[in-house]
Amino acid sequence: MSKEENSQILVRKEKLSALIAAGVPGYPNDFRPKQSLDFLLSQFGQEKNGETLAGVQVCVAGRIVLYRHFGKLTFATLRDATADMQVAVQRDEVGVDLYNNVFRKLDVGDWIGVEGTLFRTKTDELTVRATRFQLLAKALRPLPEKWHGLEDIETRYRQRYLDLIVNPEVRTLFKTRSKIISLMRNSMEQHGFLEVETPMMHPIPGGAVARPFVTHHNALDRELYLRIAPELYLKRLIVGGFEKVFEINRNFRNEGLSTRHNPEFTMMEFYQAFTDYHELMTFIEQLLCHVVAAIHGGNLVVEHHGRRIDFTPPWPRLTLQEALIRFADAPPEHTRDRGGLEVLATRYGVEAKEEWADGELLLALFDAVVEGKLIQPTFIKDYPIAVSPLSRRSTLDPHAADRFELFIGGWEIANAFSELNDPQDQAERFHLQVKAKEAGDHEAMHFDEDYIRALEYGMPPTGGAGIGIDRLVMLLTDSAAIRDVILFPQMRSRDSG
RNA sequence: GGGCCGUUAGCUCAGUCGGUAGAGCAACAGACUUUUAAUCUGUGGGUCGUUGGUUCGACUCCAACACGGCUCACCA
């Protein structure tokens with residue numbers, strides 16, 4: 001017996017053939033439900049005084065997920081997009097022939113339509129008493145076991161439809177994801193931002209430090225790159241005169257997979273003229289608080305991995321140095337010069353590469369020692385210029401960028417900065433990136449001449465930010481792996497390896 | 001990429017010291033008109049991830065490979 005044709009599938013195919021032979025179509029499309037199950041439960045689920053259900057005619061559709069047979073009576077649990085509800089089918093109500101030869105030939109997993117009236121069982125459960133039923137779509141494969149359901153993690157990811165059928169909490173999670181994105185989109189629109197779509201295929205990959213996926217366009221006979229970030233296109237739109245734009249869409253990075261990394265992931269990036277990174281901190285604080293409160297019923301405290309994360313503003317704003325002093329127990333003087341940083345690197349087992357600028361070493365120390373400790377929402381600001389090739393140079397310190405990142409639950413959630421709008425400075429930064437690329441850094445940026453040309457036409461002073469949607473959803477749904485919040489996560493091929 | 005763990009019926013899982021495989025659910029046949037994982041009686045269902053090796057004999061021991069999980073490294 002092959003895996004694809006086990007005996008249960010054969011039995012179901014034979015049942016389908018028998019039904020069709022008896023004039024019952026297996027996949028008709030002429031049934032229209034009139035009520036959702038959730039609607040019926042909310043309207044009639046709670047008993048009211050003097051209520052009579054007998055006259056309430058209903059017409060519903062759903063998938064059979066459970067059966068309880070009693071000879072001449074069957075209870076079935078129906079599941080539609082909104083809820084589960086019980087249906088009672090009686091032989092004497094629908095007719096002996098239909099009951100014995102059609103209804104009893106149905107299986108768990110089949111879609112059916114049911115017309116009937118409402119009643120309450122002895123245990124007070126609201127139930128549809130069927131006067132008529134119809135097969136809507138025959139299922140040829142058996143569903144996973146009714147009690148344990150589908151627990152195999154690999155199958156849940158590879159066959160997400162099955163996961164969604166039998167694990168209602170997975171449906172709830174993805175509804176929450178959708179709601180989070182909707183809240184962010186509405187919020188941005190209310191603040192006057194214009195939603196735009198920029199290319200997913202880039203002739204020059206840019207806007208982030210990452211390895212891109214490469215593809216080939218036949219007609220143009222040229223390489224194209226799946227975008228690693230929309231940043232440079234969105235800022236071209238600021239040059240073009242849109243003063244507030246945002247995009248919620250996918251980025252693609254050709255890097256390893258982990259519980260926090262999927263090759264394609266969703267970011268919201270937004271750019272606003274006449275603002276800076278300090279004002280963006282306040283904006284993001286308000287935006288995320290709005291989302292968290294809406295998702296958690298007004299509550300700003302979220303449970304995550306057994307820890308309480310309190311989103312109540314204002315959130316701490318620390319410089320990289322301050323964070324290292326506080327969370328890495330570093331003496332202040334050690335964060336100020338090369339020698340001190342190298343002492344810290346030795347203490348924490350961080351490799352201090354010779355070619356690194358001081359700022360790069362500082363950041364490496366932060367990543368290794370501090371990042372994972374930033375559980376409560378915390379802004380870390382004033383990043384080194386060396387690792388911020390698109391950020392505005394600080395007016396006070398030419399080695400610092402007007403940039404911050406937001407950390408929550410030990411993860412980087414947002415990255416934002418005052419944008420570099422000096423075309424000559426930007427060109428110099430690109431040159432440095434190209435030099436790094438030539439020295440073997442695969443993640444370094446290309447020189448984007450058209451972007452420089454755009455800046456040469458004048459970009460107003462601007463602030464911009466990117467917020468990682470998948471990680472935000474993980475935080476707000478208490479998920480352990482990014483694959484749990486992506487419907488179809490990337491998996492290795494089973495056949496060709 | 002490294003380390004550790006896992007892969008047995010459609011699903012969830014047992015399988016002792018190496019002697020050719022078990023349960024529950026699901027399926028099939030039957031009983032049953034108020035169940036909630038209904039219950040009761042009976043029946044069928046397996047290339048034990050793949051390929052090699054050791055052995056008289058391998059689900060079991062060994063090796064390689066595939067896929068997955070956790071974790072470290074890199075990144076967001």
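These numbers come from a predicted model, not from an experiment. The sequence lines fix the lettering, A, B, ..., with proteins before strands; numbering per chain opens at 1.
Distance NE2 (A/His148) to C1' (B/G10): 15 Å, rounded to an integer number of Å.
Phosphate contact (OP1/OP2 of B/C67, side-chain N/O of A/Arg158, threshold under 4.0 Å): absent. Phosphate contact (OP1/OP2 of B/A26, side-chain N/O of A/Lys146, threshold under 4.0 Å): present. Put simply, A/Arg68 has a side-chain N or O that comes within less than 4.0 Å of OP1 or OP2 on B/A38. At the phosphate of B/G69, OP1 or OP2 sits under 4.0 Å from a side-chain N or O atom of A/Arg483. Contact annotation: A/Arg12 does not reach the phosphate of B/A27 (side-chain N/O to OP1 or OP2, under 4.0 Å).
Distance from the side chain of A/Ala481 is smallest for B/C70 among the nucleotides B/C67, B/C70, B/C28. With distances taken from any side-chain atom of A/Glu151 to the nucleotides B/U33, B/C13, B/U35, the minimum falls on B/C13.
Contact annotation for A/Phe252: no contact, since no heavy-atom pair falls under 4.0 Å across all strands. At the heavy-atom level, A/Glu255 lies under 4.0 Å from base atoms of the strands shown.
The base of B/A26 lies close enough to the side chain of A/Gln8 for a donor and an acceptor atom to sit less than 3.5 Å apart. Applying the 3.5 Å distance criterion, the base of B/U36 shares a donor-acceptor pair with the side chain of A/Glu125.
B/U71 and B/C59: their P atoms are spaced 34 Å apart (whole Å). Look at the C1' atom in both B/A14 and B/C72: the space between them is 34 Å, to the nearest Å.
Using N1 to N3 plus N6-O4 or O6-N4 for Watson-Crick, or N1-O2 and O6-N3 for G-U wobble, each under 3.5 Å, B/U20 pairs with nothing.
Map A/Glu264 and A/Leu66 each onto its nearest nucleotide of RNA chain B; the residue landing nearer the 5' end is A/Leu66. Each of A/Tyr67 and A/Gln90 was matched to the nucleotide of RNA chain B holding its nearest heavy atom; the match closer to the 5' end belongs to A/Gln90.
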